[in-house]
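Right, one structure below, let's go through it.
All figures in this text were calculated on a predicted structure; none of them were measured in a lab. We number each residue from 1, following the sequence as shown.
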Amino acid sequence: MKQNRAVYGCAGVVRLLSGYYLVVLTSCCFVERILGRAVFKATNFGIIRCSAPGSFHAMSKQHKRDEARYLHLLRASLVANTKHLYFVHGHDMSRNCQSQYLLCRPRCSIRATLLHKDPFRNSAECEVVSRSKSGGETRPYGLNDGFKDDDSVTVISRHRQDDQWSLADKSFCWNRYAGEMLDNIASPEDYMGPSVRVLLLPLICGSFDSFQDAKGNSLSILARTSISRFGIRHHCRGSNGEGEVANFVESEQILHVKYDVKHVTLSSFVMVRGSVPLRWSQPLRDLSWNPKIIFESEGNFSVTQRHFANLISNYGRIKVIDLLSCQGEEGMLKHAFRRSVSALPNQPNSSVQYFHFDLHRETSDRNTVALESLTSWTKAEVSDLGQFMLASDLEVSGCETKLQNGIFRVNCKDCLDRTNLVQSIIARSVLQEQMRTMTGIDIDFRNRCKGAHKVLWADHGDRISSQYAGTLALRRDLTRTGKRTFRGLLQDARTSLKRYCRAKLFDGNAQGSLDLWTSQYLPRRTEDAHLC
């Protein structure tokens with residue numbers, strides 16, 4: 001029997017052997033709020049075949065087996081291997097606060113928050129209703145139903161007039177390729193009706209969490225993972241020819257404070273992480289604990305140059321903090337990276353600055369004294385880069401604006417554990433600077449913010465690590481408490497063993513499923529799918 005099934009938006013379409021498949025969001029849960037708007041996490045998807053039934057039945061047995069394999073990979077990429085997908089209505093999660101503000105959009109949620117005018121007042125949330133033939137049942141968020149070929153889909157949204165898809169930064173949209181394919185096939189040039197873009201939902205892969213108090217003050221940590229070179233550790237390393245690096249993540253720390261009805265201040269600070277921008281990799285068929293690093297002999301300097309040219313264009317000044325070890329294979333990678341950066345053409349105002357800190361050596365034997373000197377160093381560098389800040393005062397009908405003029409680019413080999421620890425140290429200095437420049441912050445909120453900050457950044461690191469390595473982050477005790485503990489060392493040993501097993505046994509299938517979703521790539525033969 002046919003039934004109407006509720007969906008919360010379209011993620012796009014994927015083309016397999018028998019034709020197109022529509023991917024829709026069928027389940028989500030509330031996470032927290034960002035600038036007063038609800039943030040939801042996607043938890044399940046439905047896949048609907050759009051081609052005629054005869055096209056599937058007409059395929060050969062081998063093609064049907066391949067189709068089943070591709071569908072399995074597609075479901076894995078939607079649910080199993082990409083677990084942290086977020087969306088929000090009325091706020092562009094794909095762009096940081098400063099970028100949104102400088103675009104000067106009339107419906108910019110940043111300007112609306114500071115001016116106390118909500119352009120979405122009558123349509124702040126998305127309403128999705130599911131009705132079956134037997135009656136008019138309305139279901140809340142959390143629907144977890146599957147789809148059959150004879151099911152029909154009804155999407156009811158209060159945001160039909162708002163084209164979030166066109167406004168989003170596609171480099172940080174996890175469903176970029178699937179959404180663009182649906183847009184291309186459903187909106188021909190001679191079609192004058194409503195665009196399918198109003199149903200496309202920009203999904204951000206990364207991390208989001210927020211600490212809120214009863215007065216509406218909040219501290220939020222938001223991470224956006226670039227889709228340009230998306231993959232799994234060991235299978236996705238270094239840079240491609242365009243300067244796009246693996247595991248490139250933009251992290252933003254947002255502090256939103258309401259003094260009273262007439263005074264609101266918003267502050268944000270952005271930094272990025274990303275793999276070493278060289279052409280390098282590690283052999284996949286190698287059972288050693290630490291596989292050899294392989295460099296490509298030609299084109300590395302041009303790759304590094306393209307990468308930093310893109311960063312300077314998007315963010316301004318770049319302060320590179322390289323955490324690679326000076327010994328062994330990492331030492332070779334570190335020296336190659338440093339040579340490439342030093343060979344960059346001279347830029348005005350020292351656009352690229354390189355700093356090295358061997359975290360492994362400096363924190364050996366559970367010694368954390370070196371982290372204190374790193375903290376002192378970051379305070380001066382944070383002040384040099386500034387921060388984005390908007391302070392509104394309705395009595396004088398205006399806003400005071402400050403801009404961030406550069407970013408930190410932090411990396412180690414995997415850009416996970418050491419990177420997250422150092423970024424959390426930088427973020428702690430940023431929080432102190434944010435609170436120093438914001439007068440009138442409640443003492444209770446200030447103290448509670450400092451305690452919540454460590455937890456937010458530790459959870460932030462766990463989510464990025466689970467996305468790229470399939471496990472929680474290492475050095476979690478150091479990020480959460482500032483100390484190395486024996487229990488933390490045991491936990492790191494278990495996590496390292498789990499990473500090794502995943503890398504040798506399961507990451508091939510995980511990479512194949514992500515390739516299918518992020519670049520519409522189909523493995524040639526079913527028996528070779530585990531090699532993708």
Side-chain angles (χ1 to χ4, degrees), residues 28-35 37-43 78-88 91-97 168-169 171-175 202-212 218-233 246-256 268-275 407-412 414-428 430-431 449 452-476 479-480 495 514 518:
C28 58
C29 61
F30 171 75
V31 180
E32 256 299 347
R33 291 185 178 271
I34 181 169
L35 303 182
R37 292 174 176 81
V39 178
F40 297 93
K41 180 178 180 180
T43 54
L78 294 169
V79 180
N81 299 319
T82 308
K83 300 178 181 179
H84 305 291
L85 303 172
Y86 303 89
F87 69 94
V88 60
H91 179 80
D92 187 358
M93 288 189 77
S94 68
R95 299 181 188 273
N96 57 63
C97 292
D169 182 354
S171 61
F172 290 112
C173 282
W174 175 79
N175 54 328
L203 295 171
I204 307 305
C205 181
S207 172
F208 175 79
D209 207 350
S210 181
F211 165 72
Q212 316 262 346
S218 63
L219 171 65
S220 304
I221 309 296
L222 172 61
R224 310 168 182 88
T225 304
S226 173
I227 198 66
S228 299
R229 188 164 168 77
F230 197 92
I232 302 294
R233 192 178 72 112
N247 201 27
F248 184 82
V249 182
E250 179 187 277
S251 299
E252 183 178 15
Q253 179 170 291
I254 305 170
L255 185 62
H256 180 215
S268 83
F269 188 88
V270 173
M271 51 187 150
V272 301
R273 70 177 72 188
S275 187
I407 58 164
F408 291 99
R409 187 202 188 278
V410 189
N411 73 270
C412 52
D414 296 328
C415 300
L416 295 177
D417 315 309
R418 288 171 283 177
T419 295
N420 196 70
L421 174 61
V422 171
Q423 281 195 338
S424 68
I425 293 174
I426 297 173
R428 199 177 310 137
V430 170
L431 182 62
C449 246
H453 186 266
K454 292 182 179 179
V455 177
L456 290 175
W457 270 96
D459 292 342
H460 166 273
D462 285 341
R463 294 187 187 101
I464 294 176
S465 179
S466 66
Q467 164 192 297
Y468 189 56
T471 69
L472 300 178
L474 301 175
R475 301 171 183 262
R476 301 174 72 238
T479 306
R480 291 178 185 274
T495 301
L514 291 177
T518 60

How close do [X] and [Y] get, counting heavy atoms only, and between which atoms?
X	Y	value
L472	T495	O-CG2, 3.3 Å
V272	Q423	O-NE2, 3.3 Å
Q212	S218	OE1-CB, 3.3 Å
S465	T471	OG-O, 2.8 Å
W174	L78	CH2-CD2, 3.6 Å
C29	T43	SG-CG2, 3.9 Å

Can you tell me how far apart [atom1] ([X]) and [atom2] ([Y]) are? Round to the nearest 0.5 Å.
X	Y	atom1	atom2	answer
L35	H91	CG	NE2	5.5 Å
N420	T479	CG	OG1	5.5 Å
D92	F172	CG	CZ	11.5 Å
N247	L416	CG	CG	5.5 Å
I204	D169	CD1	CG	8.0 Å
L456	F211	CG	CZ	8.5 Å

Side chains of [X] and [Y]: does their closest heavy-atom pair fall under 4.5 Å?
X	Y	answer
L222	H460	no
S207	H84	no
Y468	C415	no
L255	C449	yes
V249	S251	yes
S275	N411	no
R480	V455	yes
E252	C97	yes

Return yes if some donor-acceptor pair links the side-chain N/O of [X] with the main-chain N/O of [Y] below 3.5 Å, else return no.
X	Y	result
N175	L203	yes
S94	C173	no
R224	R95	yes

Quiz item: Who pairs with R273 by salt bridge (Lys or Arg N to Asp or Glu O under 4.0 Å), at least two apart in sequence or on another chain?
Solution: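 With neighbours one apart ignored, the set is empty.
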Quiz prompt | Contacts of type salt bridge (Lys or Arg N to Asp or Glu O under 4.0 Å), residue R476, not counting sequence neighbours | solution =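 So R476 forms a salt bridge (Lys or Arg N to Asp or Glu O under 4.0 Å) with D462.
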Exercise. With side chain to side chain donor-acceptor pair (under 3.5 Å) as the test, would you mind laying out the steps for E32 and S220 before giving the verdict?
Key: CA-CA 9 Å; E32 256 299 347; S220 304; over 6 Å; no
Quiz item: Parallel, tilted or perpendicular for Y86 and F208, by the 30°/60° rule?
Solution: perpendicular
Quiz item: According to the interplanar angle, ranging from 0 to 90°, do the rings of F40 and F30 count as parallel (below 30°), tilted (30 to 60°) or perpendicular (above 60°)?
Solution: perpendicular
Self-check item: Step-by-step side chain to side chain contact (heavy atoms under 4.5 Å, CB included) determination, F269 to F408
Solution: CA-CA 10 Å; F269 188 88; F408 291 99; 3.8 Å; yes
Quiz prompt | Intermediate values then yes/no, side chain to side chain contact (heavy atoms under 4.5 Å, CB included), T419 and I464 | solution = CA-CA 11 Å; T419 295; I464 294 176; over 6 Å; no
Exercise. Let me see the working for D414 and R233 under salt bridge (charged side-chain N to carboxylate O under 4.0 Å, His left out), right down to the final yes or no.
Key: CA-CA 7 Å; D414 296 328; R233 192 178 72 112; 3.3 Å; yes
Exercise. Run the numbers on R463 and D209 for salt bridge (charged side-chain N to carboxylate O under 4.0 Å, His left out), then give the verdict.
Key: CA-CA 11 Å; R463 294 187 187 101; D209 207 350; 3.5 Å; yes
